[in-house]
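We count ligands from 1, going down the list as the structure has it; atoms in each ligand are counted the same way. Computed from a predicted model, the values in this text were never measured in an experiment.
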Amino acid sequence: MLSGALPAFEGSLHYIDDEGSGLRGVIAVHSTALGPAAGGCRFWQYESNDAMVADAIRLARGMSYKNALAGLPFGGGKSVLQHPGGDFDREALFRAFGEAIESLGGKYITAEDVGTTVEDMKTVRKQTSYVAGLETAPGMAGGDPSPWTALGVFLSMQEAARISLGSDLKGLTVAVQGVGNVGAGLCRLLVDAGAKLIIADVNSSRVDALAKELGADVMGTDEILGAQVEILAPCALGAVINDRTVPQLKARLVCGGANNQLATEEDGFALQQRGIAYAPDYLVNAGGIINVAAEYLHETTDEVRERVGRIPERLREVLLLAAQNGQPTHRVADAIAERIISGSRAEVA
Ligand code: NAD
């Protein structure tokens, strides 16, 4: 993923180098000000050690902000493990990872992320209790987080459309890039709300099946970014909002589930200059971590629903403050998160 020089990091890095299993990785703890650092485990083949550590740093900081804005009693962290490629003993590897987490004594709590599964977390659980993303009893939080992520994005889109477009979703057209777990869930909620859909995915059988189910139009995966729609919902990859795509956008609102949608800080300013409202990704896609956190705290699905239902209130605060102060929304969201983490809820000027 990322490469180049290591970014500055205000947290702590815990390196893992386990000879027995061959596990190499790093646990990045960005902040424990609000509680133990919570964030998933990414298992990926990195081109270098620095690339791996840089990714962990960026992701851990993002988790601090996401957890703070979601009102969770958790700080931010992330673990990143180097995928060894070829044949390897997965059980031994994730047991070693569990031991590394246990050695931190509860400073960091893990769950699934790109490349890891419920089975992996079950293996981790054999070595430590500081893990979520396992199966739970009916009525209790846990299981697949993506429906909660989709719900949070949908509720946020409703709120942002009211504030920024002066309209509810009925009759608006939404372009959804990526119709995997989050994107498809979002599409179903949008159709129920009376929105029209244009969808795209690199997986053609997936996109065709969903188009048939929901009566959606299909477009190419790049072309969809410039579609003549009111709302764009990136639900696949990061960095889709960049200096190449911003000039093409016809949507007046960007609100989707993908992480790290802005390629750079400047792209947030570019959206603002074009008068396109941006619902910060880590704010609106927090439904998944809300579900994971609730599982860890042994809470019910009703409590998850209640907390996901509060995401639009926070978004409203961000959109209104941004308009009032003439700032881009991503900067306002970052500032609120930083103030929550530092224990001050003073007004963002
Ligand atoms: P997923 O793997 O189920 O779906 C991603 C979809 O995007 C797939 O259908 C894939 O084929 C498609 N895709 C990949 N490249 C594409 C491209 N260039 N153009 C169009 N489609 C493309 O993943 P997901 O769980 O739905 O997550 C989607 C995004 O949301 C990711 O960025 C993820 O980090 C983020 N996210 C997910 C959750 C969650 O609860 N699953 C929570 C927070 C954030």
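Less than 4.0 angstrom separates some heavy atom of G180 from each of these atoms of ligand 1: 3 (O), 4 (O), 6 (C), 9 (O), 26 (O). Heavy-atom proximity to S146, at under 4.0 Å, picks out these atoms of ligand 1: 40 (O), 41 (N). Contact atoms of ligand 1 toward P145: 40 (O) (distance under 4.0 Å to a heavy atom of the residue). In summary, the atoms of ligand 1 found under 4.0 Å from a heavy atom of A258, numbered by their order in the structure, are 29 (C), 30 (O), 32 (O), 35 (C).
Atom 36 (N) of ligand 1 has its closest protein heavy atom at G257 O, 3.6 Å. Atom 43 (C) of ligand 1 has as its closest protein heavy atom N285 O, 3.6 Å. Of all protein heavy atoms, the one closest to atom 39 (C) of ligand 1 is T149 OG1, 3.5 Å. T221 CG2, 3.4 Å is the protein heavy atom nearest to atom 20 (C) of ligand 1. Considering only non-hydrogen protein atoms, atom 32 (O) of ligand 1 sits nearest to A236 O, 2.9 Å. Remark: minimum distance from atom 28 (C) of ligand 1 to any protein heavy atom is reached at C235 O, 3.3 Å. Here the heavy atom of the protein found nearest to atom 23 (O) of ligand 1 is N181 N, 4.6 Å. Protein heavy atom nearest atom 17 (C) of ligand 1, with residue, atom name and distance: V202 CG1, 3.7 Å.
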Acceptor/donor pairs from residues 188-207 side chains to any protein atom, 3.5 angstrom cut, sequence neighbours excluded:
residue: R188; atom: NE; partner: E213; partner atom: OE2; Å: 2.7
residue: R188; atom: NH2; partner: E213; partner atom: OE1; Å: 3.0
residue: D201; atom: OD1; partner: N203; partner atom: N; Å: 2.8
residue: D201; atom: OD2; partner: V179; partner atom: N; Å: 2.7
residue: N203; atom: OD1; partner: S205; partner atom: N; Å: 3.3
residue: N203; atom: OD1; partner: S205; partner atom: OG; Å: 3.0
residue: N203; atom: OD1; partner: R206; partner atom: N; Å: 3.0

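Only the side chain of L237 comes within 4.0 Å of ligand 1, judged by heavy-atom distances. Contacts between V182 and ligand 1, counted as non-hydrogen atom pairs separated by less than 4.0 Å, involve both the backbone and the side chain.
For the pair E230 and K250, the salt-bridge criterion is not met [side-chain N within less than 4.0 Å of a carboxylate O]. With respect to R316 and E313, no salt bridge is recorded, no charged nitrogen being found less than 4.0 Å from a carboxylate O.
Under the 4.5 Å side-chain heavy-atom criterion for grouping Ile, Leu, Val, Met, Phe, Trp and Tyr, I311 is connected to Y282 within one hydrophobic cluster. Residues V254 and L321 fall into different hydrophobic clusters, defined by Ile, Leu, Val, Met, Phe, Trp and Tyr side chains chained together at heavy-atom separations under 4.5 Å.
Between Y130 and Y296, the gap from one ring centroid to the other reaches at least 6.0 Å. Between F88 and H83, the distance separating the two ring centers is shorter than 6.0 angstrom.
Among residues at least two apart or in separate chains, there is no ring pair (Phe, Tyr, Trp, His ring centres under 6.0 Å) pair with a member in residues 208-229.
The nearest protein heavy atom to atom 41 (N) of ligand 1 is closer than 4.0 Å. Within the 4.0 Å cut-off (strictly below), a protein heavy atom is located near atom 30 (O) of ligand 1.
Pairing each heavy atom of A160 with each of L315, the nearest pair is CB-CD2, 4.1 Å.
Considering I289, D201, D144, N203 only, the shortest heavy-atom separation from atom 10 (C) of ligand 1 involves D201.
A donor-acceptor pair shorter than 3.5 Å cannot be found between the side chains of N291 and R307. At a cut-off of 3.5 Å, with distance as the only test, no side-chain donor of Y278 or Q272 sits close to an acceptor on the other residue.
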